[in-house]
Amino acid sequence: MKLSARALRLGLMAAVLASVLPFLANPSSAQNDLTGFWVFRVPIGDGNFRESFFDLKQEGEQITGKRIEDSRETPISDGNFRDGKLHMVVTRTFGSPPQTRQTVYQGTLEGDKFVLTAQTSGRQPVKGTLEHSRPEAALPPPRLPLPQLHDVPDNGLARTPPMGWNSWNKFAGKVDDATVRAIADAMVASGMQKAGYVYVNIDDTWEGPQRDASGNVAGNTKFPNMKALAAYVHSKGLKIGIYSSPGPKTCAGYEGSYGHEEQDARTYAAWGFDYLKYDWCSASRIYKDEEMPAVYQKMGDALLKTGRPIVFSLCQYGSEDVWKWGAKVGGNLWRTTGDISDNWRSMSGIGFSQFDIAPYIKPGHWNDPDMLETGNGGMTADEYRTHMSLWSMLAAPLLAGNDLRTMSEETKELLTNGEVIAIDQDPDGKPAQRLSDPNAAATVVVRSLHDGSLAVGLFNRAAQPQSVTIQWSSVNLAGKKLRGRDLWKHSEVPLSGDAYTADVPAHGVVLLKVIPQ
Ligand code: GLA
């Protein structure tokens, strides 16, 4: 059969239309197979992104595969791709006792990327893009050699537990230059400085997205001039702290110090910083936990080498019995637990679990059960009194974590009680001792002070008021004439007989100083 030119043209047009029409009807068909490697990029401001990766497989409409985050792989438990819309559910189990955290990803294809919203249980949804990537992109940078272990000389700092403020608990990613300056002002105006608070510490999210051509780190747009900021804080008679990670990224996804340890230490010193919190975070992608001492020692040495006195704060959540080696790698303090939250369960769970490791403290080297939540609103005044009393008995760093600009009189009194702070700052740095059974709600804690007196904490962990008793024989004070002082009421307490019993409110404390006459 012979076709006319017209018929041929019509046939060709039909064939072209047939191939294009389904795409017009369903734009996703150009991308119909999502099988492959993807990166989910969430902008976190200042040109920084938080990245997680997806290794996907599509069969029909079903999507299976896994999410890869900091080398941690979690399977997709439910996923489909239908009418250009992607839906995936990832459920991660972690911690002990095990907790689960579910994230639902949903979005549509726009061009060759998906615009996705990720909703993690109990958190604000975040928006990002899911783009084609390569498996190599999910790999950590090549491993750098670690130094041989040796004892880093003591820097002579933090003879008593550091006192100050840190931005994380209240401001998290919303901290900026103006806020830090205003907090420094408030630290002076509120009387905090007089009470002994010195350090104004910037936590995560100050870091710029890129290093310069020589590899120097810089602040991001929230922190345009770190040197000027440090000078401002110093002009108030205060000191200033900074934050980084031994990994390539900080916990919030900003630039870490990996491969730039000495250079960053020099930069902090040149800017005039006095304190560094060094947070493990993505170092877990490169190093094993057992390698933490060498990783921290590298920065301990680097800080010393700058010649500037810089307090070194280790943050690796208490793994590898850090209290046994933190001082050797140059640490002045080391976190002993995961992150605190502003509630009784978190604070009391952390605080009352610190007694076994209390003997590891000594002047210059402190256990750090995390920053204060006092004044952030999630606990009662009695609970915050327990927080302050317990942290002081433990000789914990007192780093306020609230907004000093707007705090109430009650919060100010909680934070600036000189008699309680004096317990925390006792020059001997002796450990607290729990006298009661570990599980008893009536918890008795004592600590010897350098003037020969004894701090006594009568804590009530129960949700109802109860009386709590200390027997003087348990602290070798039986038959001694004793003077007592209530450090929260600022009043004398008559002490006589074999024991003292206090009525303690729910989740509250009676904190005494007992002075043998
Ligand atoms: C970790 C630390 C916190 C805080 C955040 C910042 O969770 O433990 O104290 O520094 O990182 O991202």
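Values below: every heavy atom of this structure, side chains too, minus hydrogens, waters and symmetry copies. Residue numbers count from 1 along this sequence.
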Chemist: Would you call W206 and V175 a side-chain contact if the rule is heavy atoms closer than 4.5 Å?
Modeler: no
Chemist: Could you report the tightest heavy-atom contact between R308 and H234, atom names first, then the distance?
Modeler: NH2-CE1, 3.5 Å
Chemist: Donor-acceptor pair, distance only, cut-off 3.5 Å: does the side chain of Q297 make one with the backbone of Q148?
Modeler: yes
Chemist: NZ of K328: more than 12 outside heavy atoms within 6.0 angstrom?
Modeler: no
Chemist: Please assess D177 against R181 for the test salt bridge (charged side-chain N to carboxylate O under 4.0 Å, His left out), listing each intermediate value before the final yes or no.
Modeler: CA-CA 6 Å; D177 178 284; R181 285 172 192 246; 2.7 Å; yes
Chemist: Any salt bridge linking K305 with D301? Criterion: basic side-chain nitrogen under 4.0 Å from a carboxylate oxygen.
Modeler: no
Chemist: Donor-acceptor check, side chain of D486 to backbone of E492, threshold 3.5 angstrom: yes or no?
Modeler: no
Chemist: Dump the intermediate steps for side chain to side chain contact (heavy atoms under 4.5 Å, CB included) on L495 and R483, then the final yes or no.
Modeler: CA-CA 6 Å; L495 299 176; R483 218 189 99 206; over 6 Å; no
Chemist: Identify the two heavy atoms, one from A184 and one from L238, that lie closest to each other, and give their separation to 0.1 Å.
Modeler: O-CD1, 3.6 Å
Chemist: Do R159 and D154 pass the salt bridge (charged side-chain N to carboxylate O under 4.0 Å, His left out) test, and can you show the C-alpha distance, the side-chain angles, and the key distance before you say yes or no?
Modeler: CA-CA 11 Å; R159 293 347 269 174; D154 193 334; 3.4 Å; yes
Chemist: Surrounding CD of Q119 (heavy atoms of other residues, nucleotides or ligands, distance under 6.0 Å), is the total greater than 12?
Modeler: yes
Chemist: Is the shortest side-chain N to carboxylate O distance from D203 to K170 below 4.0 Å?
Modeler: no
Chemist: Establish, yes or no, whether the cationic atom of R434 lies under 6.0 Å from the six-membered ring centre of F355 and within 45° of the ring axis.
Modeler: no
Chemist: To the nearest 0.5 Å, how far apart are CZ in F459 and CZ in R385?
Modeler: 12.5 Å
Chemist: Determine the minimum heavy-atom distance between M226 and I242, stating which atoms define it.
Modeler: CE-CD1, 3.6 Å
Chemist: Does G318 offer a backbone N or O that forms a donor-acceptor pair with the side chain of Q316 under 3.5 Å?
Modeler: yes
Chemist: To the nearest 0.5 Å, how far apart are CD in E383 and CG in L414?
Modeler: 11.5 Å
Chemist: Any idea which heavy atoms bring P369 and T337 closest together, and the distance?
Modeler: O-OG1, 4.0 Å
Chemist: Please assess V509 against N460 for the test side chain to side chain contact (heavy atoms under 4.5 Å, CB included), listing each intermediate value before the final yes or no.
Modeler: CA-CA 6 Å; V509 62; N460 174 15; over 6 Å; no
Chemist: Going by the salt bridge (Lys or Arg N to Asp or Glu O under 4.0 Å) test, which pairs reach into residues 206-228, not counting sequence neighbours?
Modeler: R211-E255, R211-D264
Chemist: Do R92 and R72 come within less than 4.5 Å of each other through their side chains, counting heavy atoms only?
Modeler: yes
Chemist: Between H450 and D426, do the side chains contain an N or O donor and an N or O acceptor separated by less than 3.5 Å?
Modeler: yes
Chemist: Just how far is it from atom CD1 of I240 to atom CG of D274, taken to the nearest 0.5 Å?
Modeler: 8.0 Å
Chemist: Kindly say whether M407 contributes a backbone atom to a donor-acceptor pair with the side chain of T411 at under 3.5 angstrom?
Modeler: no
Chemist: With heavy-atom distances below 4.5 Å as the criterion, would you say the side chains of Q425 and M163 are in contact?
Modeler: yes
Chemist: Using modelled atom types and a 3.5 Å cut-off, is there a donor and acceptor pairing between side-chain atoms of S453 and backbone atoms of L449?
Modeler: no
Chemist: Any side-chain heavy atom of R447 sitting closer than 4.5 Å to one from P431?
Modeler: no
Chemist: In Å, rounded to the nearest 0.5 Å, how long is the span from OG1 of T443 to CZ of F352?
Modeler: 5.0 Å
Chemist: Going from CG on L511 to CG on L487, what distance comes out if it is rounded to the nearest 0.5 angstrom?
Modeler: 4.5 Å
Chemist: Would Y199 and W165 satisfy side chain to side chain contact (heavy atoms under 4.5 Å, CB included), going step by step from the backbone distance to the final call?
Modeler: CA-CA 6 Å; Y199 291 96; W165 174 89; over 6 Å; no
Chemist: Once rounded to the nearest 0.5 Å, what's the spacing between atom CD of E373 and atom CE of M379?
Modeler: 6.0 Å
Chemist: With under 30° as parallel and over 60° as perpendicular, where do the rings of W280 and Y296 fit, or are they tilted in between?
Modeler: parallel
Chemist: Between W366 and A158, is there a donor-acceptor pair closer than 3.5 Å when you use the side chain of the first and the backbone of the second?
Modeler: yes
Chemist: Shortest non-hydrogen contact from R461 to H507?
Modeler: O-CD2, 3.3 Å
Chemist: Using the rule given for side chain to side chain contact (heavy atoms under 4.5 Å, CB included), can you reason through T205 versus I44, listing the C-alpha separation, both sets of side-chain angles and the distance that settles it, and then say yes or no?
Modeler: CA-CA 9 Å; T205 80; I44 51 175; over 6 Å; no
Chemist: Testing the 3.5 Å rule here: is there a donor-acceptor pair between the side chains of T380 and D382?
Modeler: no
Chemist: Is there a salt bridge (charged side-chain N to carboxylate O under 4.0 Å, His left out) between E419 and K513? Walk through the geometry before answering.
Modeler: CA-CA 9 Å; E419 294 193 78; K513 182 164 169 164; over 6 Å; no
Chemist: If every non-hydrogen atom of M393 is compared with every non-hydrogen atom of G457, which pair is closest and at what distance?
Modeler: CE-N, 3.7 Å
Chemist: Can a donor-acceptor pair be found between the side chains of T336 and N367 at a distance below 3.5 Å?
Modeler: no
Chemist: Under 3.5 Å, is there a donor-acceptor pair linking the side chains of T386 and S389?
Modeler: no
Chemist: The criterion is side chain to side chain donor-acceptor pair (under 3.5 Å); which residues satisfy it with T103, sequence neighbours excluded?
Modeler: T120
Chemist: Taking disulfide bond (SG atoms under 2.5 Å apart) as the test, write out the residues that go with C315, two or more places apart.
Modeler: none
Chemist: Tell me, do L435 and I470 make a side-chain contact under 4.5 Å, heavy atoms counted?
Modeler: yes
Chemist: Scan V475, L512, V514 and name whichever one has a side-chain contact (heavy atoms from CB on, under 4.5 Å) with V446.
Modeler: V475
Chemist: Count the heavy atoms of every other residue, nucleotide or ligand shown that sit under 6.0 Å from CD of Q433, and state whether that count exceeds 12.
Modeler: no
Chemist: With a 4.5 Å cut-off on side-chain heavy atoms, are W391 and L398 touching?
Modeler: yes
Chemist: Cation-pi check, R335 to Y317: give yes when NZ or CZ is under 6.0 Å from the six-membered ring centre and within 45° of the ring axis, no otherwise.
Modeler: no
Chemist: Judged by modelled atom types alone, do D279 and Y243 share a side-chain donor-acceptor pair under 3.5 Å?
Modeler: yes
Chemist: For R101, is there any backbone N or O sitting under 3.5 Å from a side-chain donor or acceptor partner on S121?
Modeler: no
Chemist: Check the pair T250 / S245 against side chain to side chain donor-acceptor pair (under 3.5 Å), numbers first and verdict last.
Modeler: CA-CA 5 Å; T250 66; S245 169; over 6 Å; no
Chemist: For the residue pair D342 and Y384, confirm or rule out a side-chain donor-acceptor distance under 3.5 Å.
Modeler: yes
Chemist: May I ask you to check whether D185 and Y232 show a side-chain donor-acceptor distance below 3.5 Å?
Modeler: yes
Chemist: Would you mind reporting whether P141 and Y258 have side-chain heavy atoms less than 4.5 Å apart?
Modeler: yes
Chemist: So does R143 pair up with E291, basic N to acidic O under 4.0 Å?
Modeler: yes
Chemist: Is there a side-chain contact between F273 and I202, using heavy atoms and a 4.5 Å cut-off?
Modeler: yes
